[in-house]
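Counting from 1, the numbers follow the sequence of the chain as shown. For the numbers below, each heavy atom of this structure counts, side chains included, while hydrogens, waters and symmetry mates do not.
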Amino acid sequence: MATAAEVQAELAQVQSSIQQATQRESQLIQAVQEAKERQRLRREVDAAKSALFFKEVGNTNLSGLRANIDADRSGPHLVGHAADNNLQRGRVHELPLQTGTRSQAHSEMNCKQAVSTGTFEWKITGMSWLKETLDQADEPIAWSPECMTAGNVELTAYYCPFPDVDIVSANGEECHVTLGGSVNILNLGRCHDDKTVIRYRFYILHRDGHYVQWGEEGQVCGANEDLEDLVFGPDVTSTSQTASGVFGLQHKELLQSEWVNNDTLTVKIELEVRPTTRSVGSNLPPRKQSIQVPEATISSKFLSLFEGERCTDITFNVKGESIKAHSQVLAARSEVFQRQFFGGLQESVSKEVTIEDMEPKIFKGFLKFLYTDGLEHIEATIKKCLEENGTSSDSTGSTGSVPSTTKASILQDILAMSHKYQELRLLAWCQQQLCTYITEREVCSVLCQAHLCEAQQLEAACLDYIKEHFSKIAPTEEFARLTTEWPELMLKISLHAQGVSSEETAAALSTQQAVRKRKREAS
């Protein structure tokens with residue numbers, strides 16, 4: 001045990017370190033202030049250079065005008081000018097006869113070409129814990145960790161569960177708001193006098209998977225300096241009134257509403273931004289010819305080629321239903337199909353593939369995705385399957401004794417298919433969608449499918465969910481089957497609950513597989 005003298009010496013050393021750190025802190029604070037001043041001066045230099053540029057352009061134009069006047073190429077007193085030649089000393093000169101001409105012109109001014117657009121999606125997961133989280137952080141509002149840039153505007157999203165908390169907006173004014181956005185004007189030092197127009201729309205994700213617009217489209221217009229830190233949104237109000245809340249719901253009511261799914265609120269903000277344009281002599285955009293460029297049609301053309309069964313060379317027999325397709329298109333989209341049709345396998349000769357582990361309508365939707373790269377075909381297929389089975393799009397399980405087709409089960413089938421054919425974009429999308437459908441009833445089956453399909457992100461989400469809700473999941477029949485049929489997953493669940501790293505978990509799984517292999521060989 002250390003003596004009192006040794007402890008005293010250690011204390012003196014720590015206090016000396018604190019004093020040095022304090023001195024260093026003061027130096028850094030001074031350095032930061034000096035850096036801010038240098039930055040401010042650089043912006044002033046930029047603004048001065050910009051002003052100098054426009055002055056030089058104006059002087060160049062004036063110099064050219066003077067030369068043209070001196071050369072009698074322009075000016076108010078040219079020879080033959082009406083003001084000087086037809087009205088001299090009160091005498092009216094007779095004008096010579098001239099032959100008239102007819103002219104026709106077309107002009108167009110496009111005010112939208114300088115408009116930038118942006119879409120910002122923000123998810124708040126664990127909404128029921130938001131108030132407590134803000135209390136612990138001693139913060140009145142939650143804001144999005146990332147920003148979105150549209151034109152010269154940088155957007156940050158805000159959510160305030162306390163309707164009467166004062167929020168500081170532009171020019172130090174205070175307001176009340178539940179959900180809104182705040183803007184930061186980029187390059188403000190060079191364009192603080194310029195004006196910017198911002199149009200915005202807020203959407204909230206409904207439990208059925210569709211966005212619904214909250215409030216009317218809003219618009220703000222003002223000098224950039226006045227828009228800096230401006231807070232806007234459908235329920236922004238003065239401090240004399242209380243913010244009305246999302247669709248008129250206060251935070252507690254919102255938690256129980258159809259707008260919070262799996263304890264998650266999803267918001268989408270659409271922005272349209274038009275800054276002041278930088279054209280000489282005018283803030284209007286330059287006039288230019290309007291040429292309409294047609295939309296891309298390659299996706300629709302390929303889809304028509306598939307649905308019309310034109311020039312097909314292969315046939316899929318899916319549970320007795322024939323589906324015709326094009327081997328070269330599929331080979332370009334999937335290495336699995338490329339090996340199957342052009343790698344010397346049986347299918348490369350027979351041009352027929354038999355599939356018994358997938359429903360025809362789901363496989364057909366998968367092929368439409370491969371032809372177009374459009375996820376909307378997958379979503380349409382899921383919706384059609386649910387409608388045929390009489391299941392709503394947001395249902396996650398059956399309440400009766402007979403299992404029903406759920407969106408989660410269809411997504412698991414598509415996940416398996418995308419893994420089988422190594423379609424990585426669709427695999428990632430299925431993981432993203434299934435993460436929102438993890439429930440106490442579905443989590444075990446989703447975890448098994450994620451394990452089989454090597455969907456690591458989805459597997460991690462399932463393990464986190466089981467760890468947080470273990471007391472409710474453990475008594476279920478699904479978990480009982482998991483314990484007997486999936487020892488490898490049970491080891492993962494156990495190690496994850498204890499906070500073991502992924503590297504150590506991989507080593508433990510390797511050891512388990514080696515032991516099981518020795519047992520099989522011994523038997």
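Applying the 6.0 Å contact sphere to CZ of F302 captures no more than 12 heavy atoms from other residues, nucleotides or ligands. For E440, the CD atom is densely surrounded, since the number of other residues' heavy atoms within 6.0 Å is greater than 12. For E216, the CD atom is loosely surrounded, since the number of other residues' heavy atoms within 6.0 Å does not exceed 12.
When atom types are taken as modelled, the side chain of R425 and the backbone of L375 share no donor-acceptor pair closer than 3.5 angstrom. The closest donor-acceptor contact from the side chain of S128 to the backbone of G126 lies at 3.5 Å or more, if one exists at all. Listed for the Q250 side chain is a donor-acceptor partner under 3.5 Å among the backbone atoms of S244. Without hydrogens or angle criteria, S334 side chain to Y421 main chain gives a donor-acceptor distance under 3.5 Å. Using modelled atom types, one side-chain atom of S300 and one backbone atom of T297 make a donor-acceptor pair closer than 3.5 Å. Although no hydrogens or angles enter the test, the distance criterion places no donor-acceptor pair under 3.5 Å between the side chain of D235 and the main chain of A243. Of the possible donor and acceptor atoms, none in the side chain of S510 sits under 3.5 Å from a partner among the backbone N and O of A506. Formation of a donor-acceptor pair under 3.5 Å by the T117 side chain with backbone atoms of E272 is not found in this model. Between the side chain of T264 and the backbone N or O of V260, no donor-acceptor pair lies under 3.5 Å.
Atom CD of residue E352 and atom CD1 of residue I314 lie 10.5 Å apart, to the nearest 0.5 angstrom. Note that OG of S257 is 4.5 Å distant from CG of L254, once rounded to the nearest 0.5 Å. I410 contributes atom CD1, which lies 8.0 Å from atom NZ of K361 (distance to the nearest 0.5 angstrom).
The ring-ring contact (aromatic ring centres under 6.0 Å, His included) test with Y200 is passed by exactly one of W214, F232, F120: F232.
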Does L415 form a side-chain contact (heavy atoms from CB on, under 4.5 Å) with W429? I'd like the steps, not just the answer.
CA-CA 9 Å; L415 179 75; W429 181 83; over 6 Å; no
Is there a salt bridge (Lys or Arg N to Asp or Glu O under 4.0 Å) between R199 and E270? Walk through the geometry before answering.
CA-CA 8 Å; R199 292 180 183 174; E270 293 182 348; over 6 Å; no
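When side chains are defined from C-beta on, N317 does not count as touching V353, because their heavy atoms never get closer than 4.5 Å.
Remark: D357 does not engage K319 in a salt bridge, criterion side-chain N to carboxylate O under 4.0 Å.
Between W259 and H206, the ring planes lie perpendicular to each other; the angle is over 60°, past the 30° to 60° tilted range.
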